[in-house]
Amino acid sequence: MLIAAAALLLCACGTPTGASATVIGSAAPVSPPMPANVSSAGPTPPTAQGSSPPACNPVASYRPAATMPVPGAMPAGSTMARIQARGKLVVGVDENTYLFGYLNAADGEIEGFEIDLATAVATALFGDAAGHVQLKPITAEQRIPDLLNGSVDIVVDTMTQNCARWQQIAFSTEYYAATQRLLTNKNSPYKSLSDLGGRKVCAETGSTSLETVTRAAGHPIPVGVDGITDCLVMLEQGEVGAISTDDAILIGLAVQDPQTHVIGPALEAEPYGIGIAPNSVDLVRFVNGVLDRMRADGSWTALYRKWPGQLGGPVPPPPPAVYRD
């Protein structure tokens with residue numbers, strides 16, 4: 001597994017991981033190459049963006065219909081019927097998050113917990129997902145724009161539900177309960193985010209994790225990148241002091257590099273929901289019906305055992321469904 005994970009890292013980043021490099025024929029060391037699109041500015045803190053979004057229960061979604069439509073026979077005029085007529089469910093996914101959505105270097109396929117969730121939705125739409133799922137790898141920053149411009153039908157990409165995002169898009173009920181934490185080298189002195197004042201902390205651009213780092217009282221320096229494996233490269237090169245994102249993602253990174261470990265208490269709750277365009281409430285209800293069925297028939301638990309369950313530990317119950325209407 002470690003060999004495959006290492007191959008994944010190289011495939012995802014394409015960047016050397018050594019601390020320094022030397023040009024052949026010269027004794028002068030040069031800085032290691034940086035991943036593309038690195039930003040040290042961080043997002044604008046919410047207090048500088050104007051008023052906060054209205055309070056809400058971010059995990060509360062739209063109740064599914066009492067009866068799910070039969071696969072292959074979606075209600076006329078519905079979002080599901082439009083997807084069925086096209087013949088494919090287009091899904092925004094990650095290809096860099098080990099065990100959730102990642103490119104398997106052995107076969108060139110994107111796989112993981114979230115990919116199987118997307119497949120379950122496609123199966124409920126078409127009766128058979130084979131040939132009816134189009135996976136579109138996207139960055140965290142692309143998730144909301146791609147939903148709003150119709151490039152994807154749903155986003156299944158470790159996407160945290162919060163009130164600010166509910167102002168832009170809709171979400172399914174929660175399908176995975178994560179928390180934000182830190183990853184750093186085992187030989188580092190850091191024990192928590194408060195120890196990283198003035199030090200660079202890496203997270204994906206467009207993520208809630210980067211917002212949390214930006215707001216931290218100890219004033220760490222937020223560094224945004226396109227993909228979380230770029231953060232791991234920068235940590236290995238000594239360019240950042242730590243990575244901050246969801247614990248589910250950090251555990252996968254620690255498997256890829258055993259010289260790292262997860263530290264500190266939980267910084268924020270990170271409930272994952274499937275992102276859907278705000279004008280497609282019928283699709284939200286349909287997806288919630290699929291998730292309800294997976295909770296009840298053991299499918300969610302089977303997927304957990306198959307993917308994050310590989311890393312050991314007890315298998316949690318699926319997050320309960322919470323509805324707003």
Side-chain angles (χ1 to χ4, degrees), residues 57-62 64 91-102 110-124 135 137-138 140 143-144 147 152 154-163 165-166 169-181 183 203-204 206-209 212 228 243-255 262 266-276 284 286-323:
N57 182 348
V59 299
S61 186
Y62 300 105
V91 187
V93 298
D94 193 5
E95 60 178 354
N96 294 310
T97 301
Y98 185 51
L99 299 179
F100 279 78
Y102 71 104
I110 301 175
E111 58 187 32
F113 181 82
E114 294 182 321
I115 307 307
D116 283 358
L117 278 184
T119 300
V121 175
T123 300
L135 301 178
I138 57 177
R143 295 179 300 195
I144 290 177
L147 281 170
V152 298
I154 62 176
V155 166
V156 195
D157 182 7
T158 61
M159 191 173 188
T160 299
Q161 302 167 272
N162 61 31
C163 295
R165 286 176 172 167
W166 267 104
I169 62 170
F171 284 99
S172 71
T173 52
E174 183 181 6
Y175 67 79
Y176 191 92
T179 59
Q180 182 179 350
R181 295 182 68 190
L183 182 84
E204 282 189 279
S207 67
T208 55
S209 299
T212 299
I228 198 64
I243 302 168
S244 187
T245 189
D246 310 338
D247 53 359
I249 300 171
L250 294 178
I251 291 169
L253 294 181
V255 169
V262 180
L267 302 173
E268 296 283 348
E270 304 288 352
Y272 294 166
I274 295 175
I276 300 170
V284 180
F286 179 84
V287 169
N288 283 339
V290 175
L291 293 175
D292 266 3
R293 188 162 57 201
M294 295 182 71
R295 295 184 186 97
D297 68 9
S299 299
W300 185 95
T301 299
L303 288 189
Y304 187 96
R305 291 184 189 277
K306 177 182 177 183
W307 294 111
Q310 292 181 30
L311 303 178
V315 177
V322 179
Y323 297 115

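Bear in mind the structure is a predicted one, so any value in this text is a computation, not a measurement.
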Roughly how far, to the nearest 0.5 Å, is the [atom2] atom of [Y] from the [atom1] atom of [X]?
| X | Y | atom1 | atom2 | answer |
| --- | --- | --- | --- | --- |
| F171 | L147 | CZ | CG | 8.5 Å |
| S209 | L250 | OG | CG | 8.0 Å |
| S172 | Y272 | OG | OH | 13.5 Å |
| I243 | L253 | CD1 | CG | 5.5 Å |
| I249 | I228 | CD1 | CD1 | 6.0 Å |
| L99 | Q310 | CG | CD | 5.0 Å |

Qualifying residue, where the test is side chain to side chain contact (heavy atoms under 4.5 Å, CB included) with D157 and the options are V152, I138, V93, I274 = I138

note = Checking T212, T160, D246, T179 against E268 for side chain to side chain contact (heavy atoms under 4.5 Å, CB included), the one that qualifies is T212

Set of salt bridge (charged side-chain N to carboxylate O under 4.0 Å, His left out) partners for E111, sequence neighbours left out = none

query = Taking only residues two or more places apart in sequence or in another chain, which ones pass salt bridge (charged side-chain N to carboxylate O under 4.0 Å, His left out) with D116?
reply = K306

Any idea which heavy atoms bring [X] and [Y] closest together, and the distance?
| X | Y | answer |
| --- | --- | --- |
| R143 | S207 | NH2-CA, 4.3 Å |
| P58 | C163 | CB-N, 4.2 Å |
| S244 | A203 | O-CB, 3.3 Å |
| P318 | T301 | CD-OG1, 4.3 Å |
| I144 | R165 | CD1-CG, 3.9 Å |
| Y62 | A170 | CE1-CB, 4.4 Å |

query = In terms of ring plane angle, is the pair Y102 and W307 parallel, tilted or perpendicular, where the classes change at 30° and 60°?
reply = perpendicular

query = side chain to side chain donor-acceptor pair (under 3.5 Å) with T173: which residues, sequence neighbours excluded?
reply = N288, R295

Among side-chain atoms of [X] and [Y], is any donor-acceptor pair under 3.5 angstrom?
| X | Y | value |
| --- | --- | --- |
| E204 | T245 | no |
| D297 | S299 | yes |
| E270 | T208 | yes |
| Y176 | E114 | no |

Check whether any side-chain heavy atom of [X] sits under 4.5 Å from a side-chain heavy atom of [Y], and report yes or no.
| X | Y | value |
| --- | --- | --- |
| Y175 | V156 | yes |
| S61 | V284 | yes |
| V155 | V91 | no |

Side chain to side chain contact (heavy atoms under 4.5 Å, CB included) assessment of F113 paired with W300 = CA-CA 9 Å; F113 181 82; W300 185 95; 3.6 Å; yes

